Amino acid sequence: MLIVLRRCVIEICHMVTTVRLDGKEVLVESNDTKTKSSKRTLPLVPVFRERLLALQEEQKENRKLCGRCYNKKYAEYICVDAMGNLLKPDYLSDSFQIILRNYYLRRIRFHDLRHSCASLLLANNVPMKQIQEWLGHSDFSTTANIYSHLDYSSKVSSAEAMLNGLGMGSNPQNGA
């Protein structure tokens with residue numbers, strides 16, 4: 001994931017995955033994403049932008065402190081350790097499980113947060129098409145099939161519109 005702080009956006013255009021090769025875990029970097037729609041640009045909200053800027057400053061300080069021992073190969077990455085080494089892709093998922101356990105929260109997968117995100121967006125009247133783009137689904141029907149059951153408020157609105165159209169609603173426009 002490439003983060004462009006100057007324009008206040010996150011550009012998802014690069015992936016790092018872990019594969020097993022001859023019994024060893026190997027990190028594989030790629031400028032391709034899983035699907036064409038996975039490659040996208042999203043707004044970077046101020047609170048996260050500030051955190052990422054602070055993280056960049058920490059990394060600059062670590063480069064100074066570590067000198068030639070600091071791994072400069074991953075200078076464009078955000079997810080590096082104090083020595084500049086790339087974090088494993090499952091680091092965030094593993095850390096998330098520790099946080100859940102420490103706060104006695106129910107175990108869920110990190111990936112399940114996508115469902116929470118979609119639920120919050122739907123609850124705040126964000127159109128399904130925009131949710132599709134935010135989540136990076138290549139097909140609208142994928143998003144609709146997975147999340148349409150959450151869109152209860154639009155069902156209520158639709159029912160009210162039908163009643164109003166038939167002159168049976170609480171605010172019929174034809175005065176009947």
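Below, all heavy atoms of this structure are taken into account, side chains as well, without hydrogens, waters or symmetry copies. Worth saying up front: this structure is predicted, and the values here are computed from it rather than measured. The chain is numbered in sequence order, starting from 1.
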Would you say [X]'s side chain and [Y]'s backbone share a donor-acceptor pair under 3.5 angstrom?
X: Asn71; Y: Lys73; value: yes
X: Asp81; Y: Gly84; value: yes
X: His14; Y: Glu29; value: no
X: Arg20; Y: Gly23; value: yes
X: Asp112; Y: Arg109; value: yes

Value rounded to 0.5 Å, distance of [atom1] in [X] from [atom2] in [Y]:
X: Gln97; Y: Leu100; atom1: CD; atom2: CG; result: 5.5 Å
X: His137; Y: Thr143; atom1: NE2; atom2: OG1; result: 4.5 Å
X: Trp134; Y: Cys117; atom1: CH2; atom2: SG; result: 6.5 Å
X: Leu135; Y: Met128; atom1: CG; atom2: CE; result: 10.0 Å
X: Arg63; Y: Cys69; atom1: CZ; atom2: SG; result: 14.5 Å
X: Phe140; Y: Ile131; atom1: CZ; atom2: CD1; result: 9.0 Å

Would you indicate whether the side-chain heavy atoms of [Y] and [X] approach each other to under 4.5 Å?
X: Thr18; Y: Leu27; result: yes
X: Asn102; Y: Ile99; result: no
X: Leu65; Y: Tyr70; result: no
X: Leu44; Y: Leu52; result: yes

Can a side-chain donor-acceptor contact be found between Ser119 and Ser116 if the only test is distance below 3.5 angstrom?
no
Distance-only polar pair, side chains of Gln59 and Tyr77, donor-acceptor under 3.5 Å:
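No, no side-chain donor-acceptor pair sits under 3.5 Å.
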Verify same cluster id: [X], [Y] (apolar side-chain graph, 4.5 Å):
X: Leu113; Y: Ile10; result: no
X: Ile78; Y: Leu92; result: no
X: Phe110; Y: Leu120; result: no
X: Met83; Y: Tyr91; result: no
X: Ile108; Y: Tyr103; result: yes

Are more than 12 heavy atoms from other residues, nucleotides or ligands located less than 6.0 Å from atom NZ of Lys72?
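Yes.
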Lys88 NZ: over 12 foreign heavy atoms closer than 6.0 Å
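Incorrect, the count does not exceed 12.
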For residues Ala82 and Cys66, report the shortest heavy-atom separation together with the two atoms involved.
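Closest heavy-atom pair between Ala82 and Cys66: O-SG, 4.1 Å.
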Ion pair present between Glu11 and Arg40, side-chain N to carboxylate O less than 4.0 angstrom?
no
May I ask you to say whether Glu58 pairs ionically with Arg51, meaning some side-chain N is under 4.0 Å from a carboxylate O?
yes
Passes side chain to side chain contact (heavy atoms under 4.5 Å, CB included), Leu55 versus Glu57? Steps please.
CA-CA 5 Å; Leu55 191 55; Glu57 288 303 313; over 6 Å; no
Run through Leu87, Val28, Leu86 and flag the one making a side chain to side chain contact (heavy atoms under 4.5 Å, CB included) with Val16.
Leu86
